[in-house]
K.L.:
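Starting off with a structure, shown below.
Keep in mind it's a predicted model, so treat the numbers as computed, not measured. Reckoned from all heavy atoms, side chains included, excluding hydrogens, waters and symmetry mates.
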There are 2 protein chains.
Amino acid sequence: MSTIKDVAKLAEVSVGTVSKVISRDPTVKAALRERVLAAIETLGYRPNHSARALRTNRIDVIGLVVPDITNPFFAQLAKCIEAEAAMRNLTVMLANSHDDEATERRQLSTLLDRAPRGVIIVASSESGRLEYQTDIPIVSVDRRFQTYPLISTHHAEGSAQLAKHLIGLGHRRIAYIAGPQNTRVGRARKEGFATFFTRELAADPNASLRFYDGHYDYQSGEDIGREILAEDPAVRPTAIAAASDQIAIGVMRAARDLDISIPDQLSVTGFDDIDLAALIVPRLTTLKQPTAEIGAAAVSVLIAEDESAEDIKLRGEIVVRGSTGPVNALLTGKSQRV
Amino acid sequence: MSTIKDVAKLAEVSVGTVSKVISRDPTVKAALRERVLAAIETLGYRPNHSARALRTNRIDVIGLVVPDITNPFFAQLAKCIEAEAAMRNLTVMLANSHDDEATERRQLSTLLDRAPRGVIIVASSESGRLEYQTDIPIVSVDRRFQTYPLISTHHAEGSAQLAKHLIGLGHRRIAYIAGPQNTRVGRARKEGFATFFTRELAADPNASLRFYDGHYDYQSGEDIGREILAEDPAVRPTAIAAASDQIAIGVMRAARDLDISIPDQLSVTGFDDIDLAALIVPRLTTLKQPTAEIGAAAVSVLIAEDESAEDIKLRGEIVVRGSTGPVNALLTGKSQRV
DNA sequence: CTGAAAGCGCTTACAG
DNA sequence: CTGAAAGCGCTTACAG
């Protein structure tokens, strides 16, 4: 492996000049530059990253800590971040925290020890801590880590879009199956839905919104869905909005078991737009999280090393598919007044 | 940030001794070791990875190149590799090749430039090339890269397990929907199925195995499934074995559209055991790839730096679920002779 | 068993 | 505009 010295010798310049050519320093005259470039070419010289890192005390790496890379949302995020990083000649170091705070702390320390350009973290909990102080930039994504800037979907606004969609279809009796209420995301999605519904239908005596607390999984959806759908069709909700696609798919399974057809007798919405949402029958109306934008924003904020970095909420997009439809007049109990 | 010098000063030893303590060199006497450890503790000293890397010309990193981290199989693989690496105090650098050979080559060079302990790669194609020679260990996973050792599921054996299962249920007329035949994996799965079937049922005049070539996606399964199931129930296959779960799920959708009940009128098997396989109704009988074992083996082989490393084929496990059942006597055309 | 010292391959003020 | 040289923080023969 040839070094910068070999290049300098062959090009008959000093190593300092070679270094400047490599870092595109414009003060190097064209003639010298050409000679150096030619020497680099003939020797097949590749700079030693470790030596550079030792001098500059920073490596061309972005650290990424996610709870679980097999979660499709995080995988998507990792993909976008990697692509953004690669465009800037940065490599991504990946770590899984398994949603465990101790592991997360260890992973983060390991990453920070290597002096990366920055670290992007999806926090495992809301009480994560750092082992020691650092001046390496950190940004949180989706779930905030400590007090670092957070980049996420505008959950409340997304839920409001879904509420608007259902209300626009004539639904007045709606059930909302929320995610864990001890998480910000769970609360933001629920509150966004509730606030919009309440504001829009404040004067409507037929309007009713019920809440159920669940987890972001199929089982929650199936169990709560079964409970809701066991009620008399004349009084039960005509639409169920779920805090995640997984919950929504659980609800759809419960509906099928009970021979309740979607969207004729029941409209269902999710949140996330996982792959499966477009594969089930009927396809699921949901809110697509702006994953690519989140990843891109995270890298930008990190690289800008913006001291005054603020939170960024990115708007999701509603994807209307077959699981939602106009309210069935037979189920409204009384005539509709849209 | 304190350095090894600060530690040496505080412990009143030489930096060489500190270095030896850190690398657990047993020649350091206990008394000195204690003093050094105490100094490290009080200073909160953390070794500089770049400096170490410059000296040793190797960093504590494993490179991982996959076609697409959002593919659940690769995500699972990445997770296992990361866990194995973390146990050895190694970090994982991740790159996505997007199944593009040029990108793959670039990613690989970037990774190798950083002098990692080794690189694990799922090749994008069978003609991938390196930009230059390297003595850094490389192992291929799932799809071979050049001539580097390959660690993968024993595809042929897995297919044979599925064939055995279907034959054991009495199926004699079987269709096999293969993956792309210009890939080794596609061929191995197909041949494993065909070989077992042919050997077992060589003497059975009622046995017939038909092949269809597809891609590993839902659409392929749905299209080919529709074609197969359009035939007269008395002569069409009583079981369809698919080269992937996605194909199998496509087949199941076609069957539902045609009101053919699974497994009463048709048995279906997949390959991979993706999450969805356990979520659809009925749940899919399939072959679970030994992802964790593959990841663990890849890291082991890499770290062992075994010059004579050979290919490793790991046995998958059949997961029998609701999509397969005994052949329906009404469909066999004649009485069964199991 | 311990220490002094060379040196890994760069970058970066500084001098000219 | 270019070069000489210091030095980043370690590891590792080598001497004692």
K.L.:
Check whether any side-chain N or O of A:Thr134 sits under 3.5 Å from a backbone N or O of A:Ile136 as a donor-acceptor pair, and report yes or no.
P.N.:
yes
K.L.:
Can you check nucleotides 9-11 of chain C for protein contacts, nitrogen or oxygen pairs under 3.5 Å, and list what you find?
P.N.:
unit_1, atom_1, unit_2, atom_2, d
C:dG9, N2, A:Ala51, O, 3.4
C:dC10, OP1, A:Tyr45, OH, 2.8
C:dC10, OP1, A:Asn48, N, 3.3
C:dC10, OP2, A:Ile4, N, 2.8
C:dC10, O5', A:Tyr45, OH, 3.2
C:dT11, OP1, A:Arg52, NE, 2.8
C:dT11, OP2, A:Ser19, OG, 2.5
C:dT11, O2, A:Arg55, NH1, 2.6
C:dT11, O2, A:Arg55, NH2, 3.3

K.L.:
Of all heavy-atom pairs between A:Tyr148 and A:Ser140, which one has the smallest distance, and what is that distance?
P.N.:
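The answer is O-OG, 3.2 Å.
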K.L.:
To the nearest Å, give me how far apart CZ (B:Arg58) and P (C:dC8) are.
P.N.:
17 Å
K.L.:
Using both pair distances under 3.5 Å as the test, note the stems of at least 3 consecutive Watson-Crick or G-U pairs that include DNA chain D.
P.N.:
C:1-3 with D:14-16, C:5-12 with D:5-12, C:14-16 with D:1-3
K.L.:
Would you confirm whether B:Arg35, through its side chain, and B:Ala11, through its main-chain N or O, come within 3.5 Å as a donor-acceptor pair?
P.N.:
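Looks like yes, one N/O pair under 3.5 Å.
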K.L.:
Can you tell me if A:Arg88 uses its side chain to pair, donor with acceptor, with the backbone of A:Glu84 under 3.5 Å?
P.N.:
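Side chain of A:Arg88 to backbone of A:Glu84: a pair is present.
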K.L.:
Quick one: does any side-chain atom of B:Arg143 pair with a main-chain N or O of B:Ala123 as donor and acceptor, under 3.5 Å?
P.N.:
yes
K.L.:
Is A:Thr17 close enough to D:dG3 that one of its side-chain N or O atoms is under 4.0 Å from OP1 or OP2 there?
P.N.:
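So the side-chain polar atoms of A:Thr17 do come within 4.0 Å of the phosphate oxygens OP1 or OP2 of D:dG3, strictly under.
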K.L.:
Contacts to DNA chain D from residues 31-43 of chain A, heavy-atom cutoff under 4.0 Å, which residues?
P.N.:
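Here the set is A:Leu32.
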K.L.:
With sequence neighbours left out, what residues match B:Asp272 under side-chain hydrogen bond (donor to acceptor under 3.5 Å, both in side chains)?
P.N.:
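Partners of B:Asp272 under the side-chain hydrogen bond (donor to acceptor under 3.5 Å, both in side chains) test: B:Arg189, B:Gln289.
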K.L.:
Can you measure B:Asp25 atom CG to C:dC1 atom P for me and round it to whole angstrom units?
P.N.:
9 Å
K.L.:
Sorted by first residue and then second, give each salt bridge (Lys or Arg N to Asp or Glu O under 4.0 Å) pair with at least one member in residues 13-25 of chain B; sequence neighbours left out.
P.N.:
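Of all non-adjacent pairs touching residues 13-25 of chain B, none passes salt bridge (Lys or Arg N to Asp or Glu O under 4.0 Å).
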K.L.:
Scan side-chain atoms only and decide if B:Glu101 and B:Ser124 contain a donor-acceptor pair under the 3.5 Å cut-off.
P.N.:
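No donor-acceptor contact under 3.5 Å links the two side chains.
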K.L.:
Partners of B:Ser19 by side-chain hydrogen bond (donor to acceptor under 3.5 Å, both in side chains), sequence neighbours excluded?
P.N.:
none
K.L.:
Can you find a heavy atom in the side chain of B:Leu90 that is under 4.5 Å from one in the side chain of B:Ile303?
P.N.:
yes
K.L.:
Looking only at side-chain atoms of A:Val13, point me to the closest of C:dT2, C:dG3, D:dG3.
P.N.:
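Given the options C:dT2, C:dG3, D:dG3, the side chain of A:Val13 is closest to D:dG3.
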